Number of protein chains: 2
Amino acid sequence: MILAVCLNPALDVTYTVGALRPGASHRVRWVRRRAGGKGINVAAVLHQQGVDALVTGPVGDSIGTELAAGLDGAGVAHRLTPIAAATRQTVTVVDGAGEATVLNEPGPALTADEWATFRDVFADLAEQAELVTLSGSVPDGIPSDAYGQLVSIAHESGTPVILDCDGEQLVAALHARPDIVKINEHEASATTGYGTGSVDDVFAAAEELHALGAAEVVITRGSGGVAARTGDGRFVATAATVLSGNPTGAGDAFTAGLAAAIVAGLDWPSRLRRAAAWAAAAIPMPTAGELDPVIAASHEARTIIEQR
Amino acid sequence: MILAVCLNPALDVTYTVGALRPGASHRVRWVRRRAGGKGINVAAVLHQQGVDALVTGPVGDSIGTELAAGLDGAGVAHRLTPIAAATRQTVTVVDGAGEATVLNEPGPALTADEWATFRDVFADLAEQAELVTLSGSVPDGIPSDAYGQLVSIAHESGTPVILDCDGEQLVAALHARPDIVKINEHEASATTGYGTGSVDDVFAAAEELHALGAAEVVITRGSGGVAARTGDGRFVATAATVLSGNPTGAGDAFTAGLAAAIVAGLDWPSRLRRAAAWAAAAIPMPTAGELDPVIAASHEARTIIEQR
């Protein structure tokens, strides 16, 4: 089982309108409500692709209840920790031209007791897992090294970790020596100070992250492909075809593909092919947490891998 | 007890942002979630003013559950009928300049069985009530004379009705001879064809509505005051001071004030004073279903009533 951690889940509400006019009243044509947040997207993609996955995270109040029911409806296994504060909602308004306006509610804060309870649940699940993914922003009220604590707990039971976060949480977590840090080039640049102009800059950032504690580093560059600094050498993965669409969720599909390939025992070139293909296959989908399986299969066969 | 009917309740979500920019991602600064819909606003104002009130209507799914919990939290008595479809949400985005952008989800549809169950609940409650208010839009799936049916059911137990609706439902309900029709001048004009230019036009519309079946007619004119065609004669009520603010919910506060005054045994001039004062006292409040009790008291004493 792959354990996907979602510390800041959200109920993602999507509205379709003809045009969004500030100051006006709008009749919403179409409503979609789904469980969201980066860790939930990872688990949803794994489930869709037939990979055994379970998502864990804190949820509260009626939106939390609806979120859990949404996971049940989608068949995504979960073990959620109840908290007192209300899980947040995001509202995305999509107009007739496909332009999206996003309203992100602030997330709930966790109490110290709730964080301690979550850590106990996580320790139990990490022991049963083959791999853990840690993705996304964190709620208020938890320690600045929360992800670092989870990396250490997973390592106590020998479970490897893919970490996808940025800022203070990333810097603190590097001390716990995560197995794979997977971030995008902008997050890598913000953390290390290296630029995003060339693949050499990106590998320099990857080396810096390795020196700071990440055993292996994978940096995604959008349509520019992927740079990976691994124990088996340096690789660049490039998509055979670049698709247009909605990039939200592509990073989570990448993490899901990487996790699935590791658990399947694939080598680094094959891991990067699968991860890049799943990310590409998420782009044409209207919402995060889904991918087009036909595109995933065709891209996996055609992604170009170069050793550097 | 005053029975407030809310056939199309909503969970009203208000977001505060700095500025609303279509196509951008926004961090919401402040979130408020409250039970809404016109009948709920009427009951909430009555409860706030210490008048015994109960709200009834159909609710479904997790938003319906949250709506009921919100009424419990506010201390508003309710007897709600469960339905299969999900209660709607509205999202209002208020920017730094106070401009409001509203997103109204389509409401749920009721099945024939659910409507029959609601009517039975309503008949039971109407028998215990001193007065019934029927306010607002109706969900899909119910008959075009739904409000007319409720007027007839209330009259079977001798309970008088204030009706606040428009369009097809209003025209159909007039056949059932509602005791008081309370609408605004635009709704009166759309139904009767008379203009909104002068108080004479508005009284002509009131006479037409009376001829069509409304025993008494009260037409609100925003800052232009109120015209009432009653069994005791024609009256015009004018506020002593016109306040600026958010007019959403002022009409429901008016209905609440009118209902409270009738149950208190007041005459028409006193009823109009109270109703106009409660409407004025709702204007400065940020959300519907609330009023400023100090303004309500001071305006009630100073509203000017003329007989025509």
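Sequence lines set the chain letters: A, B, ... in the order given, protein chains first and strands last, and positions in each chain run from 1. All figures in this text were calculated on a predicted structure; none of them were measured in a lab.
Residue-level contacts of residues 17-35 of chain B with chain A, in order of numbering, are B:Val17, B:Leu20, B:Arg21, B:Pro22, B:Gly23, B:Ala24, B:Ser25, B:His26, B:Arg27, B:Val28, B:Val31, B:Arg33; threshold 4.5 Å between heavy atoms. Interface residues of residues 61-79 of chain A toward chain B, defined by a heavy-atom distance below 4.5 Å and sorted by number: A:Ser62, A:Ile63, A:Glu66. Among the residues in residues 88-104 of chain A, those with a non-hydrogen atom closer than 4.5 angstrom to a non-hydrogen atom of chain B are A:Gln89, A:Val91, A:Val93, A:Glu99, A:Ala100, A:Thr101, A:Val102, A:Leu103, A:Asn104.
The side-chain contact (heavy atoms from CB on, under 4.5 Å) search around A:Ala205 returns A:Ala188, A:Thr192, A:Tyr194, A:Ile219, not counting sequence neighbours.
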